[in-house]
There are 2 protein chains.
Amino acid sequence: MTKREKNFPRMAEVAKLAGVTVMTVSRALRSPAKVAPDTLKRIRAAIDKTGYVPNALAGALSAGGGGKTITALIPTVQHAIFADTITGLSAALRPEGYHLVLGETGYLSEEEDALVAAFLSRRPEGFLLTGVTRSPRTRDLLKRVGVPVVETWELTNTPIDMVVGYSNEKAAHEMTVWLAGRGYKRIAFVSGPSRTNERARRREIGYRRALKEQGLPVLKIFTIGAPAAPQVEDGAAILPEVLAEKPDAIFFTSDIYAVGAIQEARRRGIAVPKELGIAGFHDLAIATVIEPKLTTVHVPGREIGYIAGRNILARIRGEPAPQLSAIPFSIVARDSTK
Amino acid sequence: MTKREKNFPRMAEVAKLAGVTVMTVSRALRSPAKVAPDTLKRIRAAIDKTGYVPNALAGALSAGGGGKTITALIPTVQHAIFADTITGLSAALRPEGYHLVLGETGYLSEEEDALVAAFLSRRPEGFLLTGVTRSPRTRDLLKRVGVPVVETWELTNTPIDMVVGYSNEKAAHEMTVWLAGRGYKRIAFVSGPSRTNERARRREIGYRRALKEQGLPVLKIFTIGAPAAPQVEDGAAILPEVLAEKPDAIFFTSDIYAVGAIQEARRRGIAVPKELGIAGFHDLAIATVIEPKLTTVHVPGREIGYIAGRNILARIRGEPAPQLSAIPFSIVARDSTK
DNA sequence: CTGTTAGCGCTTTCAC
DNA sequence: GTGAAAGCGCTAACAG
């Protein structure tokens with residue numbers, strides 16, 4: 001194989017080839033109207049010939065700012081709901097020519113801290129962050145540098161800058177009340193890793209509040225361990241423990257777990273929803289693939305990303321953008337509950 | 001709300017505060033061993049006080065290159081298999097301090113062209129591209145500038161630089177032969193949008209070749225339309241048409257379609273696998289959630305990303321890296337085939 | 001161990 | 001319509 005050397009032509013080479021100075025080439029690129037048509041033609045030809053690609057780093061440095069990138073930090077790309085948010089964000093940014101830079105925190109706060117600092121050094125024009133709880137250090141840093149920041153997937157009255165999401169507490173509360181309304185009396189709750197995931201924590205609060213209001217017993221609360229993307233097997237594995245509490249329904253904080261539990265219930269000959277009701281969270285594609293189809297909370301992943309993108313863009317332009325945008329969730333009743 | 005102004009402190013401010021020149025601050029950041037412990041302490045304090053975040057753009061410009069970023073272009077983040085590739089790539093890059101910049105092409109070649117040009121202007125140190133067919137313009141550009149490039153998810157003898165993948169033709173061939181081995185005689189093939197997806201095209205070739213070898217009839221080939229991420233409903237919607245061909249088995253180029261078809265078959269009272277065998281491709285989580293569990297081709301998404309990352313890194317360091325890395329796929333026999 | 005001098009590749013004035 | 005000078009924020013190379 002021939003040796004590959006990096007070889008980015010510079011504007012100067014284009015200029016020489018076209019018989020002008022770099023200044024004219026620069027102008028040809030950013031305000032072609034100000035360049036004589038004939039000159040323009042020669043410059044365009046030279047660009048083609050050399051394979052010139054502008055150096056955005058130099059450009060941004062010189063122009064004092066915007067490389068037109070937005071940074072998004074999500075727990076994992078594996079989870080479909082965050083993927084949705086990314087898709088929504090992309091959709092909002094693309095028409096304006098902004099690029100998306102993605103980081104995965106792995107649900108780890110320390111990793112988020114590291115990534116914020118690292119990405120900040122690239123001077124992005126905006127940030128999308130998942131969740132609303134984070135280290136004071138990162139909060140301060142972000143506040144101080146003054147880039148537009150959107151926190152997502154939860155609500156708060158004290159965002160760093162803006163927040164786009166819904167109330168996880170309310171969502172879990174609503175589902176629990178709904179379950180109670182269907183006649184379930186012993187509703188168990190199985191949460192994802194709540195130490196590292198405030199969404200799970202808020203859902204638990206909503207669940208407890210609903211039970212209290214309804215005068216129902218709070219069963220032992222189960223938490224699935226590892227701070228990682230949820231796995232179907234996790235839901236299957238925890239079912240036996242949960243059954244020891246004699247629940248007539250189980251509310252999982254993720255469809256993924258719920259699906260695993262339904263499968264495990266079938267293996268054990270437990271009829272869903274007849275003997276045991278099961279509810280999930282997120283409304284993933286998998287929810288309608290499992291039999292019986294899963295009752296769940298539909299959550300607005302894509303919209304969150306889109307609105308977040310629009311808000312960041314507005315801020316960049318100096319237009320007003322709402323500090324808090326609440327996006328509605330909804331309960332989707334299907335066949336895994338009576 | 002108080003007005004937010006961008007306000008990134010510069011190295012000069014840190015230097016002044018610490019009573020040194022910028023050079024010493026720069027050194028304190030990149031080779032602290034060369035700075036007096038006491039000076040270092042003062043500089044660190046000043047950095048903390050000011051909330052200084054290095055400007056990587058300026059740094060890269062000056063140091064003549066590496067912003068330590070790798071760009072990955074995938075069709076969509078929605079598809080779990082590309083998400084796996086991203087996760088694998090991240091895993092390879094993280095330990096070396098490289099960042100991942102992600103672009104979604106939406107399965108569109110023109111979009112890829114635009115993104116390559118746009119991202120190239122940020123001078124990434126490497127590229128991961130999905131698939132091996134692309135516009136000559138983009139090929140030339142990438143070859144010319146000499147950044148490390150890995151093409152993925154297929155094999156070719158003429159990569160731009162390197163390729164990491166498997167043979168989609170072979171994979172489909174193997175599955176088709178396996179199906180024939182189970183006694184299926186009329187094996188239908190349903191493909192994703194092949195105009196924009198060469199993986200689908202190659203799979204079709206493998207399917208045809210296998211049938212020919214086995215002396216089995218090639219049924220009408222069905223293609224699912226839209227160039228977008230596959231949807232479960234697409235598989236359900238196309239089933240009736242496919243059934244008109246009287247197949248005893250259907251091989252879908254994605255588990256997603258296969259799952260939709262299984263559901264539709266159930267609705268129509270068709271027994272799977274008894275009356276109709278169904279096979280998929282990718283081995284997504286959904287494949288073991290559907291009942292009957294799906295026979296499919298397991299494809300090494302995560303490994304592809306990881307190896308691609310390792311290869312790019314090797315190239316960057318000037319170490320040798322293989323031009324072609326073939327990663328094995330495998331047939332996973334489950335319950336949707338007899 | 002620390003400072004000085006250049007200069008990365010481009011864009012912003014301000015001239016011509 | 002085009003060019004010359006200055007500088008974006010940082011680092012490499014050399015001095016001291």
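Any value given below was found using the heavy atoms of this structure, including those in side chains, with hydrogens, waters and symmetry copies removed.
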**Q** Using side-chain contact (heavy atoms from CB on, under 4.5 Å) as the criterion, point out the one residue from B:Thr85, B:Ile307, B:Ile312 that pairs with B:Val164.
**A**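 The passing option is B:Ile307.
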**Q** Just to verify, what does A:Ala80 make a side-chain contact (heavy atoms from CB on, under 4.5 Å) with, not counting sequence neighbours?
**A**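 Only A:Leu284 meet the side-chain contact (heavy atoms from CB on, under 4.5 Å) criterion with A:Ala80.
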**Q** Return no unless some side-chain N or O of A:Thr21 is found under 4.0 Å from OP1 or OP2 of D:dG3.
**A**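 Checking A:Thr21 against D:dG3: at least one side-chain N or O falls below 4.0 Å of OP1 or OP2.
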**Q** Walking along DNA chain C from 5' to 3', note the first and the last nucleotide with an atom under 4.0 Å from a heavy atom of chain B, and give both.
**A**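 Counting from the 5' end, contacts occupy C:dC1 to C:dG9.
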**Q** Rounded to the nearest 0.5 Å, what's the gap from CG on B:Leu61 to CZ on B:Arg123? Could you check?
**A**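 Rounded to the nearest 0.5 Å, the CG-CZ separation comes to 9.5 Å.
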**Q** Between B:Glu13 and B:Thr50, do the side chains contain an N or O donor and an N or O acceptor separated by less than 3.5 Å?
**A**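 On atom types as modelled, these side chains do not qualify, holding no pair under 3.5 Å.
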**Q** Ignoring hydrogens and angles, state whether a donor on the side chain of B:Gln78 or A:Asp84 is under 3.5 Å from an acceptor on the partner side chain.
**A**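 Distance-only check passes for B:Gln78 and A:Asp84.
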**Q** How large an angle, rounded to 10°, do the end axes of the helix from C:dC1-D:dG16 to C:dC16-D:dG1 enclose when each is built from five base pairs?
**A**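 Between the first-five-pair axis and the last-five-pair axis there is 30°.
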**Q** For the CZ atom on B:Arg94, are there more than 12 heavy atoms of other groups (residues, nucleotides or ligands in this structure) within a distance under 6.0 Å?
**A**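 For B:Arg94, atom CZ is crowded (more than 12 foreign heavy atoms under 6.0 Å).
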**Q** Any chance you could lay out the salt bridge (Lys or Arg N to Asp or Glu O under 4.0 Å) test for B:Glu151 and B:Arg134, step after step, and finish with the verdict?
**A** CA-CA 10 Å; B:Glu151 294 170 279; B:Arg134 46 191 36 90; 2.7 Å; yes
**Q** Below 4.0 angstrom, which residues in residues 10-18 of chain A have at least one non-hydrogen atom near DNA chain C?
**A**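 Residues of residues 10-18 of chain A that come under 4.0 Å of DNA chain C are, in numerical order, A:Arg10, A:Met11.
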**Q** Under 4.0 angstrom, heavy atoms only, what part of the nucleic acid is B:Tyr52 near: base, sugar-phosphate, or nothing?
**A**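 Sugar-phosphate, no base atom in range.
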**Q** Quick one: are B:Thr130 and B:Leu73 in side-chain contact, heavy atoms under 4.5 Å?
**A**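 No; the side chains remain at least 4.5 Å from each other.
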**Q** Below 4.0 angstrom, which residues in residues 23-48 of chain A have at least one non-hydrogen atom near DNA chain C?
**A**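 The answer is A:Met23, A:Ser26, A:Arg30.
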**Q** Can you give me every donor-acceptor pair (side chain of residues 97-106 of chain B, partner residue at least two apart or in another chain, under 3.5 Å) with its distance?
**A**
unit_1   : atom_1 : unit_2   : atom_2 : d
B:His99  : ND1    : A:Arg122 : NH1    : 3.0
B:Glu104 : OE1    : B:Val77  : N      : 2.9
B:Glu104 : OE2    : A:Ser90  : OG     : 3.2
B:Thr105 : OG1    : B:Tyr107 : N      : 3.2

